[in-house]
A.B. asks: 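My questions will all concern the structure given below.
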Amino acid sequence: MINSKNFTDRQEKFNLLKTIKLFAIPVWLFSCQQLMAQQKAPSYPLIAHDAYFSLWSATDQLNQSTTKHWTGTDQSLIGIIQVDDQFYRFLGKEPNTYTEVLPSAISAPYQAKYTEIKPASDWNTVEFDDKAWKTGTAPFGDDMKDAKTKWTSEDIWVRRKFKVRLSQISQEPLFLNIRHDDNVNVYLNGTEIFQTKGWTSKYIQPALGEVIRENLKEGDNVLAIHCANTKGGAFIDAGISQLVKPAGMGKIGLATQTDVAVKPTQTVYDFKAGGVKFQV
């Protein structure tokens, strides 16, 4: 025996579900159409053989960035096509190369003054007298497989004196080249140019604008660093580098990317260059 009230309730629920399904179908189709039109991904696989041999494009335009390993490390591939007498780059971008204004330990060994006892407030200036400080070979850290001078306390203060001839510094951007574990404050001639919390397992070149150039002086300079070991490992090394403008790339134009499709086993790009269309 059917209860009329229950039947009515079931009918209303059925009608509601039918309405929801009909509404959901066009929304799903719209989402799929949007995804197909955009064809954008966080990163685009180019060569994905295994964990060690894996190359990706990190930008939507294939020729707007250096190709990378999946860990984010630059692994450069460059593709160039010749159309008539003109060359066009369609794959990758030349990686940044640097020259050392003040070498880090990964480039050349150096000695620096250091202390593990909190110094006076003017410790980061050129004029500070650091004769009572210890002398050690960089890098400083707790693992002697990487470090040259052992550092296991909570804090270390390091001073590197160096000379500069400003006429030999080009107009290309200057960078701090640093690896730190953990929190770090970096000063150039008494002015703080960089500070951050945390650690990095590789050398980084933070973008510092013109702050390095503004604080470099003719003759004597000092790069002063305070690093705090908050937990785990300890490591500090830093230098100053300058971007080198790549030679020979000025005459190479850029191909225009018109489409990209990420498929199960391929990433397919379409380009135009000098009136020619081609696919990679």
Side-chain angles (χ1 to χ4, degrees), residues 31-100 104-107 145-146 172-173 175-181 196 198-207 233 235 237 239 241-280:
S31 299
C32 288
Q33 288 170 354
Q34 288 292 99
L35 180 62
M36 291 173 67
Q38 292 174 8
Q39 275 293 300
K40 290 187 177 181
S43 195
Y44 298 80
L46 305 178
I47 300 173
H49 181 67
D50 58 33
Y52 301 99
F53 186 24
S54 181
L55 296 171
W56 300 69
S57 174
T59 48
D60 294 325
Q61 302 295 311
L62 184 58
N63 56 12
Q64 292 300 310
S65 65
T66 305
T67 55
K68 298 179 181 294
H69 187 259
W70 64 266
T71 58
T73 302
D74 286 350
Q75 297 287 342
S76 180
L77 282 178
I78 293 181
I80 295 173
I81 187 172
Q82 182 181 3
V83 180
D84 298 325
D85 294 326
Q86 178 64 46
F87 293 91
Y88 299 88
R89 174 166 50 83
F90 64 88
L91 165 63
K93 184 180 179 182
E94 59 277 8
N96 288 337
T97 56
Y98 303 89
T99 184
E100 302 287 355
S104 61
I106 199 171
S107 301
K145 289 184 292 186
D146 290 332
E172 295 299 321
F175 294 85
L176 180 69
N177 187 30
I178 187 169
R179 178 183 162 192
H180 61 90
D181 187 356
T196 189
W199 60 278
T200 176
S201 61
K202 60 184 179 180
Y203 286 81
I204 59 173
Q205 291 81 33
F235 188 94
D237 177 35
S241 57
Q242 185 164 40
L243 187 67
V244 176
K245 193 172 184 179
M249 299 297 286
K251 296 181 180 179
I252 298 177
L254 286 179
T256 301
Q257 181 179 313
T258 58
D259 195 17
V260 57
V262 180
K263 300 181 179 182
T265 60
Q266 290 179 311
T267 304
V268 181
Y269 290 90
D270 290 288
F271 290 95
K272 290 194 302 183
V276 172
K277 294 180 180 179
F278 63 98
Q279 192 174 78
V280 181

A.B. asks: Could you tell me which non-hydrogen atom of E172 sits nearest to which non-hydrogen atom of Q242, and how far apart they are?
C.D. replies: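 The answer is O-NE2, 2.8 Å.
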A.B. asks: More than 12 non-hydrogen atoms from neighbouring residues, nucleotides or ligands closer than 6.0 Å to CG on D50, yes or no?
C.D. replies: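 Yes, CG of D50 has more than 12 neighbouring heavy atoms, counting only those of other groups under 6.0 Å.
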A.B. asks: Dump the intermediate steps for side-chain contact (heavy atoms from CB on, under 4.5 Å) on T200 and H180, then the final yes or no.
C.D. replies: CA-CA 6 Å; T200 176; H180 61 90; 3.7 Å; yes
A.B. asks: First locate atom OH of Y269, then atom CD of Q279, and finally report the distance between them rounded to the nearest 0.5 Å.
C.D. replies: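 With rounding to 0.5 Å, OH (Y269) is 12.0 Å from CD (Q279).
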A.B. asks: State the CD-OG distance between Q205 and S241, to the nearest 0.5 angstrom.
C.D. replies: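 Here the interatomic distance stands at 5.5 Å.
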A.B. asks: What closest approach, in Å, do Y98 and V244 show between heavy atoms, and which atom pair accounts for it?
C.D. replies: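 Taking every non-hydrogen atom into account, C-CG2, 3.8 Å.
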A.B. asks: Should we say atom NZ of K93 is surrounded by more than 12 heavy atoms from elsewhere, each under 6.0 Å from it?
C.D. replies: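 At most 12 heavy atoms, drawn from other residues, nucleotides or ligands, come within 6.0 Å of this atom.
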A.B. asks: Quick one: pull up CD1 in I252 and CD in Q82 and give me the separation to the nearest 0.5 Å.
C.D. replies: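 Reported to 0.5 Å precision, the distance equals 10.5 Å.
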A.B. asks: Please report the interatomic distance CG(D270) to CG(L62), rounded to the nearest 0.5 Å.
C.D. replies: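 Result: 11.5 Å between the selected atoms.
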A.B. asks: Are the side chain of W70 and the backbone N or O of W56 linked by a donor-acceptor pair below 3.5 Å?
C.D. replies: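 Not a single qualifying donor-acceptor pair exists.
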A.B. asks: Applying side-chain contact (heavy atoms from CB on, under 4.5 Å), run through F87 and I81 and close with a yes or a no.
C.D. replies: CA-CA 6 Å; F87 293 91; I81 187 172; over 6 Å; no
A.B. asks: Who pairs with E100 by side chain to side chain donor-acceptor pair (under 3.5 Å), at least two apart in sequence or on another chain?
C.D. replies: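 For E100, the residues satisfying side chain to side chain donor-acceptor pair (under 3.5 Å) (neighbours in sequence not counted) are S107.
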A.B. asks: Is there a donor in the side chain of D60 and an acceptor in the side chain of Y44, or the other way round, less than 3.5 Å apart?
C.D. replies: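 Yes, side-chain donor-acceptor contact under 3.5 Å.
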A.B. asks: Which heavy atom of P206 sits nearest a heavy atom of I178, and at what distance?
C.D. replies: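 Reported closest heavy-atom pair: CD-CG2, 4.2 Å.
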A.B. asks: Under 3.5 Å, is there a donor-acceptor pair linking the side chains of N177 and S104?
C.D. replies: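 Judged by distance alone, the side chains do pair up.
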A.B. asks: For V280 and L91, run side-chain contact (heavy atoms from CB on, under 4.5 Å): C-alpha distance rounded to whole Å, both residues' side-chain angles, the deciding distance at 0.1 Å, then the answer.
C.D. replies: CA-CA 9 Å; V280 181; L91 165 63; over 6 Å; no
A.B. asks: Just wondering, are more than 12 heavy atoms of other shown residues or ligands nearer than 6.0 Å to CD in Q266?
C.D. replies: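 No - once you tally the heavy atoms of other residues, nucleotides and ligands closer than 6.0 Å, there are 12 at most.
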A.B. asks: Between R89 and N63 (side chain of the first, backbone of the second, donor and acceptor by atom type, cut-off under 3.5 Å), is there such a pair?
C.D. replies: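 Yes, because the side chain of R89 sits within donor-acceptor range (under 3.5 Å) of the backbone of N63.
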A.B. asks: Rounded to the nearest 0.5 Å, how far does CG of L254 lie from CD of Q64?
C.D. replies: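 So the CD of Q64 and the CG of L254 are separated by 6.0 Å.
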A.B. asks: Say you draw a straight line from OG of S54 to NE2 of H69; how long is it, rounded to the nearest 0.5 Å?
C.D. replies: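 If I round to the nearest 0.5 Å, the distance is 5.5 Å.
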A.B. asks: Would S201 and W199 count as having a side-chain donor-acceptor pair, cut-off 3.5 Å?
C.D. replies: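 There is no such pair between these side chains.
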A.B. asks: Show the nearest heavy-atom pair for residues D74 and P95, with the distance to one decimal.
C.D. replies: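 Looking at all heavy atoms of both residues, the closest pair is OD2-CB, 4.3 Å.
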A.B. asks: Between T67 (side chain only) and Q75 (backbone N and O only), is there a donor and an acceptor less than 3.5 Å apart?
C.D. replies: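 Yes: the side chain of T67 pairs with the backbone of Q75.
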A.B. asks: Which heavy-atom pair separates R179 from D146 by the least distance, and what is that distance?
C.D. replies: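 Looking at all heavy atoms of both residues, the shortest contact is NH2-OD2, 3.7 Å.
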A.B. asks: Please enumerate all residues that pass ring pair (Phe, Tyr, Trp, His ring centres under 6.0 Å) together with F278, with sequence neighbours excluded.
C.D. replies: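 By the ring pair (Phe, Tyr, Trp, His ring centres under 6.0 Å) rule, F278 matches F90, F271.
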A.B. asks: Please examine the side chains of S43 and S57, heavy atoms only from C-beta on, and report whether any two atoms are closer than 4.5 Å.
C.D. replies: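 No; the side chains remain at least 4.5 Å from each other.
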A.B. asks: Do K68 and L55 touch side chain to side chain, with heavy atoms closer than 4.5 Å?
C.D. replies: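 No, their side chains stay 4.5 Å or more apart.
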A.B. asks: Ignoring hydrogens, what is the shortest heavy-atom contact between G239 and L176? Give both atom names and the distance.
C.D. replies: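 Between these two residues, the closest heavy atoms are O-CD1, 3.4 Å.
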